[in-house]
Amino acid sequence: MTHWLFKSEPGVFGIDDLAARGVEPWDGVRNYQARNLLRDRTAVGDPVFFYHSNCARPAIVGLAEIASSPRPDPTAFDPASPHHDPKGDPATPRWYLVDVRYRRHLARPIELAELKTHAEGALAELPLVRRGNRLSVMPLSPAQFDFILALEHRPAP
DNA sequence: GCCAACGTTGGC
DNA sequence: GCCAACGTTGGC
């Protein structure tokens with residue numbers, strides 16, 4: 001089992017959208033490192049932190065889980081999709097997705113600013129808190145995952 | 001809106 | 001294979 005953090009822009013697809021949908025295909029990943037992680041290291045039932053990026057208060061806001069095996073991302077072959085890949089060929093799929101199932105909102109958002117206060121400690125190796133990080137799908141160690149989850153029921157800083 | 005970081009593209 | 005140009009991400 002691997003623990004995960006998936007980023008999404010709340011203006012595009014936020015935690016409330018996932019809660020309403022229940023299960024959603026996590027399409028549109030167009031980065032090879034993220035693709036490799038999705039394709040090669042996800043397993044059904046893996047826990048996922050849902051993170052809001054590119055917004056006023058970037059934060060981990062909810063919990064989800066991997067709900068399917070990886071499969072080719074059909075939006076790559078759809079000219080009408082914003083994620084269309086002109087070089088995509090269904091015979092040799094380049095991009096993959098997994099389904100994600102909503103589990104719950106966190107009791108409070110755990111903001112990036114708070115996570116960064118642990119950037120020299122428990123979260124030192126977490127790409128999210130490092131400058132210039134652009135990985136939209138990242139694995140966490142069980143220790144990192146548990147550490148972050150334990151912040152939930154502490155008072156907000 | 002700005003800008004730094006990063007990945008991709010394409011000329012050579 | 002190198003590297004400059006360009007586009008995107010994403011925090012601030």
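Below, chains carry the letters A, B, ... as their sequence lines are ordered, and counting in each starts from 1. Quantities reported herein were computed from a predicted structural model and do not represent experimental measurements.
The closest donor-acceptor contact from the side chain of A/D46 to the backbone of A/A43 lies under 3.5 Å.
Counting only residues at least two apart or in different chains, ring-ring contact (aromatic ring centres under 6.0 Å, His included) contacts with residues 95-136 of chain A comprise A/Y32-A/W95, A/Y102-A/H105, A/H118-A/F147.
A/R35 contributes atom CZ, which lies 11.5 Å from atom CG of A/D73 (distance to the nearest 0.5 angstrom). Rounding to the nearest 0.5 angstrom, the gap separating the CD1 atom in A/I60 from the CD1 atom in A/I15 is 11.0 Å. Atom CH2 of A/W4 is separated from atom CE of A/M138 by 10.5 Å, given to the nearest 0.5 angstrom.
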(Q) Using a 4.0 Å heavy-atom cut-off to protein, can you give one letter per nucleotide of nucleotides 5-11 of chain C, 5' to 3': B if the base is in contact, S if only the sugar-phosphate is, - if neither? (A) --BBSBB
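Take the nearest nucleotide of DNA chain B for A/R131 and for A/Y32: the residue whose nucleotide is more 5' is A/R131.
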